There are 2 protein chains.
Amino acid sequence: MERKTRQRDAIWLALERASRPLGPQEVLERARQEVPRLGIATVYRNIKALVAAARLRVVELPGVPDRYEVAGKDHHHHFHCRSCDGVFEVETCSDDFDQVTPAGFYLERHEVTLYGLCASCAL
Amino acid sequence: MERKTRQRDAIWLALERASRPLGPQEVLERARQEVPRLGIATVYRNIKALVAAARLRVVELPGVPDRYEVAGKDHHHHFHCRSCDGVFEVETCSDDFDQVTPAGFYLERHEVTLYGLCASCAL
DNA sequence: GTCGTTGCAAAGCGTTTGCAGCCTA
DNA sequence: TAGGCTGCAAACGCTTTGCAACGAC
């Protein structure tokens, strides 16, 4: 991450503009509007570097490939649409998971994923 | 799932005996103690069939390959120990996820994964 | 004997890596 | 001009599929 390149800019821009976490393929498609000859390997390499630099956060969802979003957002979780495969942010997190943690266990963090149909697909 | 075979029995037995969800490779290793020439493709095909028959449940954990457990247990989630990589069941679940679901979205199900240290590793 | 099931190998699919050439600093 | 970065293609690991042989019923 030493040099500034058109490719890296395009990849970052794609993620910054997105309203939801993106997968590498989605990043490629969007970034190619800026750099048509962009390769998928470059997307993977830059995503990896951006995650290492803590500028991106990995969104790990059960059963599907990892997606990425810009780091620094408030605590939130995701809604995974089974129809369009899109991933959307869920604002709040009401639950207290300490109370369901077994005795003796040390709870550090939690992931919640909601499944169903997004607003568009539910129509 | 029409015929009873040694392979299918061995695969089912491996999952039934396990105290935690298993991945396909783990199932293969255990089932080969019964059927040494068992192939990984057969494991995948049978797991798929058993899931379709609702005799197995898919345990989808973020970031790691799917694991499988015998179906029919009460609603529960999992605690994933970052130290020993073990997966433990979490009994209860205070579901209030409808209220955090965005307007227009149709919520069908949810997954919760807790991370931290299990009782043994937390000592 | 039928045809569901199996084992092997090949094919997919998403991700990573090797390498020669490119281009930023 | 050095060497980080890129695009291409090959390599990878995991999962699925094609196919001929096997074996449950």
Side-chain angles (χ1 to χ4, degrees), chain A residues 1-15 18 20-53 55-69 78 80 82 84-87 113, chain B residues 1-15 21-69 80 85 87:
Chain A
M1 293 274 297
E2 300 180 5
R3 297 178 185 175
K4 175 183 174 66
T5 65
R6 288 183 311 125
Q7 289 87 343
R8 183 163 296 153
D9 283 348
I11 290 166
W12 175 254
L13 201 59
L15 285 155
R20 59 182 184 77
L22 300 180
Q25 200 59 45
E26 292 175 304
V27 173
L28 177 67
E29 287 156 14
R30 293 170 186 224
R32 270 190 172 160
Q33 291 173 17
E34 305 274 335
V35 186
R37 296 185 52 74
L38 180 64
I40 187 66
T42 299
V43 173
Y44 277 104
R45 279 188 282 235
N46 275 287
I47 284 177
K48 203 168 187 176
L50 288 165
V51 169
R55 292 181 59 193
L56 285 183
R57 197 180 84 83
V58 184
V59 178
E60 297 176 323
L61 296 174
V64 300
D66 290 348
R67 308 196 183 196
Y68 304 87
E69 66 184 7
H78 297 93
H80 186 186
R82 67 166 160 83
C84 69
D85 201 40
V87 174
T113 309
Chain B
M1 293 275 298
E2 299 178 5
R3 297 177 185 174
K4 176 183 173 65
T5 65
R6 288 183 308 126
Q7 290 86 343
R8 184 162 296 154
D9 284 348
I11 290 166
W12 176 253
L13 201 58
L15 284 154
L22 300 180
Q25 201 59 46
E26 292 175 305
V27 173
L28 177 66
E29 287 157 15
R30 294 171 185 223
R32 270 190 170 160
Q33 292 173 16
E34 304 275 333
V35 186
R37 295 186 51 73
L38 179 64
I40 187 65
T42 298
V43 173
Y44 276 103
R45 278 189 284 236
N46 275 287
I47 284 178
K48 202 169 188 177
L50 287 165
V51 169
R55 292 181 60 194
L56 283 184
R57 197 180 86 82
V58 184
V59 178
E60 299 175 321
L61 296 174
V64 300
D66 289 349
R67 306 187 188 196
Y68 303 87
E69 64 184 9
H80 189 182
D85 199 43
V87 175

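The chains referred to below are lettered A, B, ... by the order of the sequence lines, with proteins before strands, and numbering in each begins at 1. None of the values given here were measured: they were computed from a predicted structure.
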Value in whole Å for how far the [atom2] atom of [N] lies from [atom1] of [X]:
X	N	atom1	atom2	result
A/Arg45	C/dC19	CZ	P	13 Å
B/Lys48	C/dT6	NZ	C1'	16 Å
A/Ile47	C/dG14	CD1	P	14 Å
A/Lys4	C/dA25	NZ	P	8 Å
A/Glu2	C/dC22	CD	P	21 Å

As an exercise, state the distance from [atom1] of [X] to [atom2] of [Y], rounded to the nearest 0.5 Å.
X	Y	atom1	atom2	value
A/Gln25	A/Arg30	CD	CZ	12.0 Å
B/Asp66	B/Leu22	CG	CG	13.0 Å
A/Tyr68	A/Arg55	OH	CZ	15.5 Å
A/Thr5	A/Asn46	OG1	CG	6.0 Å
A/Ile11	A/Arg45	CD1	CZ	10.0 Å
A/Leu56	A/Glu69	CG	CD	9.0 Å

**Prompt:** Are any side-chain N or O atoms of B/Arg32 and backbone N or O atoms of B/Leu38, one a donor and one an acceptor, separated by less than 3.5 Å?
**Reply:**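 Between the backbone of B/Leu38 and the side chain of B/Arg32 there is a qualifying donor-acceptor contact (under 3.5 Å).
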
**Request:** Check for a donor-acceptor pair, side chain of B/Arg8 on one end and backbone N or O of B/Arg3 on the other, with a separation under 3.5 Å.
**Result:**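 Yes: the side chain of B/Arg8 pairs with the backbone of B/Arg3.
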
**Asked** With side chains defined as the heavy atoms from C-beta onward, is the minimum distance between B/Gln7 and B/Glu34 less than 4.5 Å?
**Response**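 No, their side chains stay 4.5 Å or more apart.
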
Under 3.5 Å, which protein N or O atoms sit close to an N or O of nucleotides 20-23 of chain D? Give each pair with its distance.
| unit_1 | atom_1 | unit_2 | atom_2 | d |
| --- | --- | --- | --- | --- |
| D/dG23 | N2 | B/Arg3 | NH1 | 2.4 |

**Asked** Where do A/Ala14 and A/Ala31 come nearest, in terms of heavy atoms and distance?
**Response**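 Where A/Ala14 meets A/Ala31 most closely, the heavy atoms are CB-N, 4.3 Å.
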
**Request:** With a 4.0 Å heavy-atom cut-off, tell me which residues in residues 7-15 of chain A come close to DNA chain D, sorted by residue number.
**Result:**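 Here the set is A/Gln7, A/Arg8.
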
**Prompt:** For residues 28-42 of chain A, which residues have at least one heavy atom under 4.0 Å from DNA chain D?
**Reply:**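 By residue number: A/Arg37, A/Leu38, A/Gly39, A/Ala41, A/Thr42.
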
**Message:** Looking at A/Thr5, I'd like to know whether one of its side-chain N or O atoms comes within less than 4.0 Å of OP1 or OP2 on D/dT6.
**Reply:**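 For D/dT6, OP1 or OP2 has a side-chain N or O of A/Thr5 closer than 4.0 Å.
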
**Request:** Would you mind telling me which of A/Glu26, A/His78, A/Arg57 makes a side chain to side chain contact (heavy atoms under 4.5 Å, CB included) with A/Pro21?
**Result:**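 So the option named by the test is A/His78.
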
